[in-house]
*Asks:* 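Dumping the structure here so I can ask a few things about it.
Residue numbers start from 1 in every chain, and the chains themselves are labelled A, B, ... in the order their sequence lines are given, proteins ahead of strands. Nothing here was measured: the structure is a model prediction, and the numbers come from that model. Heavy atoms only: backbone and side chains are in, while hydrogens, waters and symmetry mates are out.
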Protein chains: 2
Amino acid sequence: MTSPAAARRARQVEERRERIVAAARELAEEHGWEAVTTRRLADAIEYSQPVLYGHFPQGRTEIVTAVALVGFEELAAELSPSALGAAGTDAERVRALVTAYLDFAARNPATYDAMFLLSVVIPFASDDTPAVVRAGFDAIAGTLSGLESPPDDVATAAEVLWGSVHGLAALYRAGRLSAGNDDGRVEALVRLVAG
Amino acid sequence: MTSPAAARRARQVEERRERIVAAARELAEEHGWEAVTTRRLADAIEYSQPVLYGHFPQGRTEIVTAVALVGFEELAAELSPSALGAAGTDAERVRALVTAYLDFAARNPATYDAMFLLSVVIPFASDDTPAVVRAGFDAIAGTLSGLESPPDDVATAAEVLWGSVHGLAALYRAGRLSAGNDDGRVEALVRLVAG
DNA sequence: ATATGTTCTCTAGCACTGCTAGATCTAGCG
DNA sequence: CGCTAGATCTAGCAGTGCTAGAGAACATAT
C-alpha cells in the first residue's frame, strides 16, 4: 500500500512540518511571539497560509505547542544525569541542576515562554502527559532521590523545587529581580534544598 | 483656575477611568484576557473606543498594567503583618505568608496574570518601582526578617521565596502540578524556609 | 503516452483585533 | 444668547487567525 512515491511524499510532509516549527521558534526568539503570525510563517516556509493548517489543524496554538514540546525535549536532555554529571556533594548536584535549568530558560526565552506561559494545552501530571515532558520532571526527581540525604517525599519535593526554579526563571525573565545577584539567589536556593 | 465645573469634570474623568479598569478586570476574570478587547471595554463603560485612549494613551497594554497595579495593592494588603497576624512560630508565620499569597493567586487568576505575565512594563527592583509593588516585596522581606532565626541575607532570601511561591502559583495555574497535594507542597516549602 | 481522478495548493475573503483622523456635537464662558 | 474649546463619535486603516472554493499538479491505470 505504501508506494515509493507515497513514502517520499510522507518524508517531505514531515520535513515541512519541522520547518514550520523551526521557523516559529526562530521568529519567536528573534522578535517575540507576537511576531509569529500565520502570514509570516507561511512566508518563511514559502507556502501559503492554508498549508499550515494541513499540518496543524488547530492553527497557531498548536504550532506554539509543537515548539514547547521541542523545548521540553531539550530541557530534559540538559537536565539528564549524563549531561549534569552525577558526582559530587549534594549541594554540588543541586547547584548543577538549578544552574542548568536557569541557563536553559535564559538561552531560550521564547521557547521557555511557549513551554510554561503560552501552551496550556499540554496535559501535565496526568496519564497522557507527553513522555518528553515527564522526562523533565523525572530528571529533577531523579537528582533529588540520588542525594546522600534525599527528601522524605521526593515527588512533592521535586514539584516544589521545580516551582522554585521556574519562579526564579519567570521573575528573572520579567525583569523583576535585582540585577547582579544571580549567583546569590542560586546559592540561597541550593542551601535551602541541600543545606 | 479650577472652576467648580472643572473640578466636577475631573472627578467624572477619574471615575470613568476606574470604571474602565474595573471592567477590564471583571472581563478578564470572567472570560480571560483575550476577551478584553477595546470594543468590549467601550461597550462596558458605554462610550466609544477613542475615549479609552483619552485615559490610557498607550492603549490596551496600559489598561492591563492598571489592573496589575490594583492587584499589587491588594496583594500587598493581604501580605501585610496586620492581615497575617505576626504571632506564632517561624513555621506558622511562613505558612501564613505562603498560604495568603497562593490564595490571592487562586482567587484572582486573571489579575495575577496581569501582574506577572502580561505587563512587563512595570519596572521592578529599580528606583522608579511603584510603591505598591515594592510593598509586596517588603511584606515578604518583613516576614523573613521578623523570624526568630532569620536568614543571613534577607533581601536575597525574599527574592528566592517570592520566586518559589510565584513558581508554585504559576505551575498550579497552568495545571502542571499533581492534584490534591496543595497542602503537601506548602508544607514542604515551609519546612525548607523555616525548618 | 494519455486520460483520469485524487490530492495538494493558492487566491480571495470573512470576522475580528488595536488604534486613529476628522467630522460632529456638547458644554462652559463671556 | 452666541461663540469657542473641548469632548465624543463615526468611519476607516492595517493587521490578525482562519477557511471556502477555485485551480493546479501529481500518481495511477489503461
Side-chain angles (χ1 to χ4, degrees), chain A residues 1-21 23-24 27-28 30-68 110 114 118-121, chain B residues 1-21 23-24 27-28 30-68 110 114 118-121:
Chain A
M1 228 25 175
T2 57
S3 70
R8 185 202 58 193
R9 177 105 209 105
R11 217 170 32 229
Q12 287 177 343
V13 164
E14 174 55 24
E15 191 212 296
R16 197 170 56 178
R17 197 196 117 102
E18 273 162 27
R19 286 214 298 143
I20 295 172
V21 177
L27 219 45
E30 197 91 8
H31 300 104
W33 277 107
E34 72 282 356
V36 181
T37 71
T38 55
R39 280 167 182 80
R40 268 193 271 263
L41 282 179
D43 268 14
I45 63 167
E46 294 179 303
Y47 281 92
S48 64
Q49 296 178 60
V51 168
L52 301 173
Y53 293 84
H55 294 276
F56 302 95
Q58 308 199 28
R60 207 193 98 116
T61 65
E62 194 176 351
I63 298 176
V64 177
T65 303
V67 172
L118 305 174
S119 58
V120 191
V121 184
Chain B
M1 229 30 175
T2 56
S3 70
R8 186 201 57 196
R9 176 109 208 103
R11 215 168 36 227
Q12 286 177 342
V13 164
E14 173 56 23
E15 193 212 296
R16 197 170 56 180
R17 196 196 120 102
E18 273 162 28
R19 286 214 299 142
I20 295 172
V21 176
L27 219 46
E30 198 91 8
H31 300 104
W33 277 108
E34 73 282 356
V36 181
T37 70
T38 54
R39 278 167 181 79
R40 268 194 270 263
L41 282 179
D43 268 15
I45 63 167
E46 295 180 302
Y47 281 92
S48 64
Q49 298 178 61
V51 167
L52 301 174
Y53 294 84
H55 293 276
F56 302 95
Q58 308 200 27
R60 207 192 99 116
T61 64
E62 193 176 351
I63 298 176
V64 177
T65 302
V67 173
L118 304 174
S119 59
V120 192
V121 184

*Asks:* Measure from CD1 on Ile20(A) to C1' on dT9(C) and round the result to the nearest Å.
*Replies:*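 That distance rounds to 13 Å.
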
*Asks:* Which heavy atom in Ala114(A) sits nearest to a heavy atom in Trp33(A), and how many Å separate them?
*Replies:*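 Ala114(A) and Trp33(A) have their closest heavy atoms at CB-CZ2, 3.6 Å.
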
*Asks:* Which residues satisfy the side chain to side chain contact (heavy atoms under 4.5 Å, CB included) test with Gln12(B), sequence neighbours excluded?
*Replies:*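 For Gln12(B) the side chain to side chain contact (heavy atoms under 4.5 Å, CB included) partners, ignoring immediate neighbours, are Arg8(B), Arg9(B).
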
*Asks:* Without decimals, in angstroms, what is the distance between Glu62(B) CD and dG18(C) P?
*Replies:*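 About 15 Å, once rounded to whole Å.
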
*Asks:* Take the protein atom CG of Asp43(B) and the nucleotide atom P of dT8(D), then report the distance between them rounded to whole Å.
*Replies:*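 Taking atom P of dT8(D) as the reference, CG of Asp43(B) is at 17 Å.
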
*Asks:* Which pair of heavy atoms, one from Ala24(B) and one from Ile63(B), lies closest together, and at what distance?
*Replies:*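 Heavy atoms of Ala24(B) and Ile63(B) come nearest at CB-CG2, 3.7 Å.
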
*Asks:* Rounded to the nearest angstrom, tell me the gap between atom CD1 in Ile63(A) and atom P in dG17(D).
*Replies:*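 After rounding, the gap between these two atoms is 9 Å.
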
*Asks:* How many Å lie between CG on Leu52(A) and P on dC10(C), as a whole number?
*Replies:*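 Value for this atom pair: 10 Å.
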
*Asks:* Do Arg60(B) and Val36(B) have side-chain heavy atoms sitting under 4.5 Å apart?
*Replies:*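 The answer is yes, as the side chains (C-beta and beyond) meet within the 4.5 Å cut-off.
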
*Asks:* What residues form a side chain to side chain contact (heavy atoms under 4.5 Å, CB included) with Glu14(A), not counting sequence neighbours?
*Replies:*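 Result, side chain to side chain contact (heavy atoms under 4.5 Å, CB included) vs Glu14(A): Arg17(A), Glu18(A).
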
*Asks:* If you check the Arg9(B) side chain, which of dC9(D), dT20(C), dA7(D) turns out closest?
*Replies:*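 Selected nucleotide: dA7(D).
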
*Asks:* Which whole-number value in Å describes the distance from Ile45(B) CD1 to dT8(D) C1'?
*Replies:*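 In whole Å, dT8(D) C1' and Ile45(B) CD1 are 11 Å from each other.
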
*Asks:* Taking only side-chain N and O atoms of Arg16(B), does any of them lie within less than 4.0 angstrom of OP1 or OP2 on dA7(D)?
*Replies:*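 For Arg16(B), the contact criterion (side-chain N or O under 4.0 Å from OP1 or OP2 of dA7(D)) is not met.
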
*Asks:* Using a 4.0 Å heavy-atom cut-off to protein, can you give one letter per nucleotide of nucleotides 11-17 of chain C, 5' to 3': B if the base is in contact, S if only the sugar-phosphate is, - if neither?
*Replies:* B-B---B

*Asks:* Distance-only criterion, 3.5 Å: show the donor-acceptor pairs between side-chain atoms of residues 43-55 of chain A and protein atoms not counting sequence neighbours.
*Replies:*
| residue | atom | partner | partner atom | Å |
| --- | --- | --- | --- | --- |
| Gln49(A) | OE1 | Thr38(A) | OG1 | 3.1 |
| His55(A) | NE2 | Arg16(A) | NE | 3.0 |
| His55(A) | NE2 | Arg16(A) | NH2 | 3.2 |

*Asks:* Remember a base hit wins even if backbone is also touched, and classify Tyr53(B) as base, sugar-phosphate or nothing at under 4.0 Å, heavy atoms.
*Replies:*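 Base, at least one base atom sits under 4.0 Å.
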
*Asks:* Starting at atom CD of Gln12(A), determine the distance to atom C1' of dC26(D), rounded to an integer number of angstrom.
*Replies:*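 It works out to 11 Å between those atoms.
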
